[in-house]
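Order of listing sets the numbers, starting from 1, for every ligand and every atom in it. Residues: numbered from 1 along the sequence shown.
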Amino acid sequence: MGPRARKFARAGLWAGLIAGAALALATVVLRLAIGAPSLQEVLSDRLLSITPGQLFDFLLERLRQFGKPLMFASLTVGLVPVGGAIGIAYGWTAARLRLRHAPLRQGMVLSVAVWLIASLAVVPLAGGGPFGVSVPGGALGFSAATFIASTVYGLVLATLHAQLAPRPQGEELASTPGSVAAVASSRRIFLKRAALWGLGLGALGSGVWAIVTRGSRIQPSHVDTRDEGVMPPEVTPNDRFYVISKNIVDPEVDASRWSLKVEGLVERPFTLAYEELKALPSVEQYVTLECISNPVGGELISNALWKGVPLGRLMERSGLKPGVKKLVFHAWDSYSDSIPVERALRPEVIVTYQMNGEPLPHKHGFPARLIAPGLYGVKNVKWLTRIEAVDHDYRGFWQEQGWSDTAEIKTTSQLIVTPEWGKVYTSPALLGGVAFAGDRGVSRVEVSTDGGNTWHEARLKPALSPFTWVLWTKEWLPPPGEHLVVVRAADGQGHFQSEAWRPTFPDGAEGYQKRLVIIQERPEQAG
Ligand SMILES: Nc1nc2c(c(=O)[nH]1)N[C@H]1C(S)=C(S)[C@@H](COP(=O)(O)O)O[C@H]1N2
Ligand SMILES: [Mo]
């Protein structure tokens with residue numbers, strides 16, 4: 001590479017890095033301002049779907065609610081060096097082709113080139129299809145946003161490069177200092193620079209403003225589902241119900257633009273609008289939902305009253321062709337999962353549109369979601385758009401990573417209320433928590449205060465339905481000293497949960513929850 005090409009490439013690098021930062025900012029602003037899905041989200045979906053389940057689970061447990069913002073931020077920052085690399089190529093090409101500086105024209109050519117490469121190579125490789133046709137939540141918005149961001153990138157890069165790179169020979173101004181022409185041209189250059197700076201700072205300012213005022217839209221949807229040390233309400237209020245999804249930004253679906261299709265291997269495919277779904281005969285039932293990633297004693301479990309239409313009724317209307325093995329549930333955010341057809345046709349599996357008497361909140365799948373009692377959260381597809389009958393063993397979003405496909409909820413029990421450390425007790429204290437066994441129901445909860453040597457039966461509040469958790473309590477006068485409190489539950493068939501500890505991956509956590517409690521000596525004994 002000659003010295004001139006080197007200079008041009010170096011100018012390209014700097015211009016490219018800054019243009020890359022402008023591009024990154026533009027994607028975030030477009031996301032916030034017009035809700036256009038960003039390249040980062042498409043890449044994130046792809047990364048998630050190729051991350052081995054075990055690694056994902058490890059990261060989820062370490063990063064918790066910071067995982068998603070971190071993913072979005074890294075991918076956004078990652079656009080900057082990519083911008084720099086393209087800048088080097090641009091500078092080098094400009095030197096090789098001995099191009100005269102024409103930032104506007106060259107910038108536009110570059111913009112279109114970047115947009116085409118993104119739309120025809122990067123996005124399809126990331127699973128978004130050519131021009132983002134299969135990007136969830138608006139292929140058109142995505143494509144437009146990619147075009148705008150590419151244009152920002154191309155123009156900023158070409159403009160800065162023209163400023164930073166030495167002018168090609170012959171293009172130097174043929175005027176002597178002090179001449180009228182030189183004064184006029186230096187004023188023109190000054191005005192041009194001022195305009196560029198004004199534009200740049202204005203764009204930066206409005207970008208930062210958009211992020212500050214609307215940034216909460218890409219905040220983690222983490223919910224504090226319970227207050228430390230107190231029994232949770234038996235029915236979880238909607239704003240305390242745990243939230244989990246694969247998305248960096250969850251969809252907010254417009255009910256008038258939504259419909260539910262029933263198709264695949266059915267006799268009579270049909271489509272329902274939101275109002276039509278709500279007009280069908282419905283049922284109401286309490287169902288507890290738990291995430292398969294919920295560790296022993298974890299907070300990713302909540303209980304609500306759901307109103308909706310039994311899935312079996314919808315499938316009666318469509319009829320099933322012979323040979324159907326599974327029903328696949330497709331969602332607005334291109335998530336999907338499946339359930340074996342016999343399991344899916346049980347009367348308690350419903351397409352729900354109401355949660356605790358309110359329209360389903362956006363975070364929980366508005367306009368409609370599946371509720372499949374007894375199966376972990378993964379199978380309870382939110383933002384449902386399409387039910388497809390298939391004759392093969394379909395694998396959904398998380399199963400591609402190795403998570404369980406049956407996803408039957410395991411029996412589990414939690415210690416939530418225990419005596420306070422360092423306190424003196426003269427009257428009985430309360431032990432309490434929840435126990436859950438999916439659709440098998442909980443028949444018995446036992447507590448031990450000596451590390452599992454002896455067990456005592458706890459009192460159960462009768463379950464609200466066959467598909468919910470139960471609240472359990474036990475009174476206990478804790479003597480001074482150290483106590484290892486342990487809890488275990490038996491399901492409706494009398495089978496106790498398993499004691500051996502197992503991680504959440506691949507089919508749900510197992511093990512007893514234990515907690516060490518230290519009670520102070522009574523003053524008269526201590527003295
Ligand atoms: N469309 C869609 N549905 C989804 C998911 C998702 O990412 N997209 N996540 C699933 C997982 S892993 C869980 S645990 C539950 C959580 O439901 P909730 O947020 O209403 O508690 O939704 C399930 N349904
Ligand atoms: Mo989950």
Side-chain angles (χ1 to χ4, degrees), residues 37 41 44-45 48-49 51 53 56-57 60-61 64-65 67-68 71 136-137 220-226 235-253 258 260 287-295 298-306 308 328-339 349-356 358-387 396-405 407-410 412 436 438 469 504-509:
E41 288 157 73
S44 157
D45 266 5
L48 276 187
S49 71
T51 310
F56 176 82
D57 198 43
L60 185 79
E61 228 165 88
R64 310 197 53 194
Q65 74 267 34
K68 283 202 247 174
M71 170 82 106
S221 41
H222 175 76
V223 174
D224 270 319
T225 61
R226 57 174 70 146
V235 179
T236 317
N238 287 355
D239 60 355
R240 302 296 301 266
F241 202 101
Y242 87 88
V243 175
I244 288 283
S245 84
K246 68 168 182 62
N247 310 310
I248 285 171
V249 183
D250 279 333
E252 292 198 358
V253 180
W258 174 91
L260 176 63
V287 178
T288 299
L289 214 59
E290 182 181 12
C291 181
I292 195 166
S293 296
N294 197 31
E299 291 195 11
L300 302 179
I301 179 169
S302 305
N303 184 41
L305 177 64
W306 311 92
V328 183
F329 305 92
H330 297 274
W332 189 276
D333 58 344
S334 43
Y335 180 90
S336 66
D337 209 327
S338 67
I339 299 179
V349 179
I350 61 173
V351 173
T352 178
Y353 48 84
Q354 227 185 60
M355 179 178 184
N356 290 330
E358 289 168 23
L360 204 57
H362 285 296
K363 291 277 171 210
H364 296 291
F366 182 85
R369 78 177 299 175
L370 193 74
I371 285 291
L375 300 181
Y376 279 120
V378 274
K379 300 279 165 183
N380 293 252
V381 175
K382 305 195 268 189
W383 309 291
L384 189 61
T385 54
R386 191 156 64 89
I387 299 169
F397 187 83
W398 293 116
Q399 285 82 51
E400 297 284 342
Q401 290 187 19
W403 286 92
S404 162
D405 188 40
E408 292 282 350
I409 289 170
K410 292 179 175 173
T412 188
F436 185 45
W469 64 12
T504 54
F505 184 80
D507 53 11

Please tell me whether E299 and T225 have a donor and an acceptor in their side chains that are separated by less than 3.5 angstrom.
yes
* Compute whether any side-chain donor of one residue and acceptor of the other, for E41 and N247, lie under 3.5 angstrom apart. => no
(message) Keeping Y376 on the side-chain end and S404 on the backbone end, is there a donor-acceptor pair under 3.5 Å?
(response) no
Please confirm whether the backbone N or O of P237 pairs with a side-chain atom of N356, one donor and one acceptor, at under 3.5 Å?
no
Close residues (non-hydrogen atom under 4.0 angstrom from ligand 1) work out to F241, Y242, V243, I244, S245, K246, L289, C291, A331, D333, Y335, H364, R369, G377, V378, N380, V381, K382, W383, W398
Residues at least two apart in sequence or cross-chain that pass side-chain contact (heavy atoms from CB on, under 4.5 Å) with F505, listed by chain then number, are Q54, D57, W403
*asked:* Ring centroids only, cut at 6.0 angstrom: are W306 and F241 within range, meaning strictly under it?
replied: yes
